[in-house]
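Reading through the structure tokens given below for one structure.
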Amino acid sequence: MDIFEYRRGLRLEKDAPLAARMRPKDLDGFIGQEHIVGKGKLLRRAITADKLSSMIFHGPPGSGKTTLARLIAGTTESVFVTLNATTSGVKDIKSTVDDAKHRLGSVGKRTISFIDEIHRFNKAQQDALLPHVEDGTLILIGATTENPYFEVNKALLSRSMIYGLKPLVQADVLEIMRRAIADGESGLGLLKLSIDEEALTFLADMANGDARAALNAIELAAATTAPGADGVIAIGLDVAQECIQKRAINYDTDGDNHYDTISAFIKSMRGSDPDAALYYLARMLYAGESPEFIARRIVIAASEDVGNADPHALLVADAAARAVQMVGLPECQIILAQAAAYISCAPKSNASCVGIYSAMDDVKSVRISQIPSNLRDPNTSMGSTPYVYPHDYPGGYVPAEYLPRELSGKIYYRPSDNGIEKRIKESLTKLGKKYD
């Protein structure tokens, strides 16, 4: 049964999951997201007044996106229809639009179309929606766990209000669980259920802001725990730990959290914080991120952020990347940890990185007449100036111009004063390089 059917005919089946049964029936029962549905907030006013425009909800799982859509379905006088981006195609969109046009023309009722996981709609599907959202045939409500600014057609975004939902705080999750335990109609209130406060707190913490995960754990605990002699189902910390054995982490290897977490990992190594780097490393591994992907990022950081301040960093990172392929999980997490800690603690310099970007800019923007004749291949160049071989001179150095005439004197590599690079800078200064 579609939970978005008209409210007068809506009745959740008794065997629906607890998380579905416990969805609030009105905004007063909605917990969390005060920044968008609190008293006096724009979205709450729009829902209450039934003055809705197209909107997109984005936020982590279990934060209330579908629940908000369901509340809208229960308050609006418009016809509410649902599409799921994983199962609906352009044909379904066209059918929905045709029905909406007929409904608007015949009885004057508008149509609200809720699209769950809208980020999974491809360009063709989103383009099929656009003209009908634009002309008001459809009011769009989309839900996504991804950043809509990256995943949704910009034209659709410009015609929609964007509402960002936050992970629920622990107190919110605790309140939702307590309601479910006490509710005798939709929840577990008819059971003789006793749950330790320690167990509740543990579940709220492990749910990591996902109310659905917490309710699923309570329902599983209640269904699988035998009553005692007094008929009471007693759920302690040990049972709670069995029912939610792994913390729910909002992490999609193709989505925003993937990029946010690897970004935090890289920036922690760059910022010389091994503790933060190890935390984000653990978070990625826990969520199932590819160890090879992480290893590649460590190799890049070794050159981009450490560079010649500690040339050994690249050797460590390269060795770690090879070892990860040889060893695999779970042991390769130790290898990744060693490499990440080394990069974090190493002296830092981005001089090589800045240098190559600057040189690339000049390659693209500065036209040179020719490579200096003394540097050209004597077997292919006519009349070239003789090349002066540095090793024929004391110290293996002789002053010479190596850059093209148009770039004479240009400095691309500016060694820092950190680590070994300080010695490199001193050596180059003795050879006549000026870094002022």
Side-chain angles (χ1 to χ4, degrees), residues 60-61 145-147 167 205-210 213 241-242 244-357 413 415-424:
T145 55
E146 305 303 326
N147 187 332
D205 178 55
M206 292 294 285
N208 209 38
D210 185 340
Q241 288 172 332
E242 287 181 332
I244 190 167
Q245 296 180 359
K246 187 171 180 178
R247 180 184 297 273
I249 287 187
N250 182 23
Y251 192 97
D252 183 338
T253 54
D254 294 322
D256 292 340
N257 285 279
H258 160 79
Y259 295 109
D260 288 346
T261 309
I262 193 64
S263 176
F265 174 61
I266 292 165
K267 288 170 182 172
S268 298
M269 290 191 293
R270 181 182 298 144
S272 300
D273 189 335
D275 302 303
L278 290 177
Y279 169 77
Y280 292 117
L281 171 62
R283 187 178 179 89
M284 289 187 289
L285 291 171
Y286 184 91
E289 184 60 85
S290 162
E292 290 81 7
F293 169 78
I294 299 171
R296 288 194 296 272
R297 301 311 305 180
I298 294 175
V299 171
I300 293 168
S303 275
E304 181 179 2
D305 297 312
V306 177
N308 288 329
D310 182 356
H312 287 104
L314 183 56
L315 301 179
V316 171
D318 178 66
R322 296 171 188 272
V324 163
Q325 290 182 323
M326 179 176 66
V327 174
L329 286 169
E331 290 85 355
C332 76
Q333 64 184 319
I334 304 169
I335 298 162
L336 290 170
Q338 178 188 352
Y342 190 98
I343 302 303
S344 299
C345 298
K348 303 296 190 296
S349 171
N350 71 339
S352 299
C353 179
V354 171
I356 188 60
Y357 288 151
Y413 178 56
S416 70
D417 292 322
N418 301 329
I420 292 175
E421 210 164 43
K422 182 177 182 179
R423 299 209 307 265
I424 295 173

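This chain uses plain numbering: 1 for the first residue, then up along the sequence.
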_Taking every non-hydrogen atom, the tightest pair across Ser344 and Ser268_ = OG-O, 4.4 Å

_Exercise: identify the closest heavy-atom pair between Ala321 and Val299_ = CB-CG2, 4.0 Å

_For a side chain to side chain contact (heavy atoms under 4.5 Å, CB included) check, start with the C-alpha distance between Ile298 and Phe265, then their side-chain angles and the critical distance, and finish with the verdict._
CA-CA 9 Å; Ile298 294 175; Phe265 174 61; 3.8 Å; yes

*Can you pull the side chain to side chain donor-acceptor pair (under 3.5 Å) pairs that have at least one residue in residues 305-316, sequence neighbours excluded?*
Arg270-Asp305, Asn308-Tyr413, Asp310-Tyr342

*asked:* Assess the residue pair Leu285 and Leu329 against the criterion (side chain to side chain contact (heavy atoms under 4.5 Å, CB included)); give the C-alpha distance rounded to whole Å, side-chain angles, the decisive distance to 0.1 Å, and a yes or no.
replied: CA-CA 9 Å; Leu285 291 171; Leu329 286 169; 4.2 Å; yes

*What are the two closest non-hydrogen atoms of Pro274 and Cys345, and how far apart are they?*
CG-SG, 3.9 Å

_side chain to side chain contact (heavy atoms under 4.5 Å, CB included) involving Cys353 - partner list, sequence neighbours excluded_ = Glu304, Asn350, Tyr357

*With sequence neighbours left out, write down each residue that passes side-chain hydrogen bond (donor to acceptor under 3.5 Å, both in side chains) with Lys422, or none if nothing qualifies.*
none

*If every non-hydrogen atom of Pro311 is compared with every non-hydrogen atom of Ile420, which pair is closest and at what distance?*
CD-CD1, 3.6 Å

*In Å, rounded to the nearest 0.5 Å, how long is the span from CE of Met269 to CG of Leu281?*
9.0 Å

*Can you name the nearest heavy-atom pair linking Ala346 to Val306, along with the distance?*
CB-CG1, 3.9 Å

*Going from CD1 on Ile294 to CD1 on Ile266, what distance comes out if it is rounded to the nearest 0.5 angstrom?*
10.5 Å

_Residues that Ser303 engages under side chain to side chain contact (heavy atoms under 4.5 Å, CB included), provided they are two or more places apart_ = Leu314

*If you count the non-hydrogen atoms of other residues, nucleotides and ligands that lie under 6.0 Å from CD in Gln338, is the total more than 12?*
no

_Derivation of the side chain to side chain contact (heavy atoms under 4.5 Å, CB included) call for Asn147 and Tyr259_ = CA-CA 11 Å; Asn147 187 332; Tyr259 295 109; over 6 Å; no

*For Tyr279, check side-chain hydrogen bond (donor to acceptor under 3.5 Å, both in side chains) against everything at least two apart and list the hits.*
Arg283

_According to salt bridge (charged side-chain N to carboxylate O under 4.0 Å, His left out), does anything in residues 340-357 pair up with another residue at least two apart or in another chain? List the pairs._
none

*Sort and list the pairs that fulfil side chain to side chain donor-acceptor pair (under 3.5 Å) and have at least one residue in residues 321-334, not counting sequence neighbours.*
Asp318-Arg322

_Non-neighbouring partners of Ala319 that pass side chain to side chain contact (heavy atoms under 4.5 Å, CB included), sequence neighbours left out_ = none

*Check Val327 against Cys332 and note the closest heavy-atom contact, atom names and distance.*
CG1-N, 3.9 Å

*asked:* Just to verify, what does Ala323 make a side chain to side chain contact (heavy atoms under 4.5 Å, CB included) with, not counting sequence neighbours?
replied: Ile335

_Heavy-atom side-chain proximity of Pro61 to Thr145 below 4.5 angstrom_ = yes

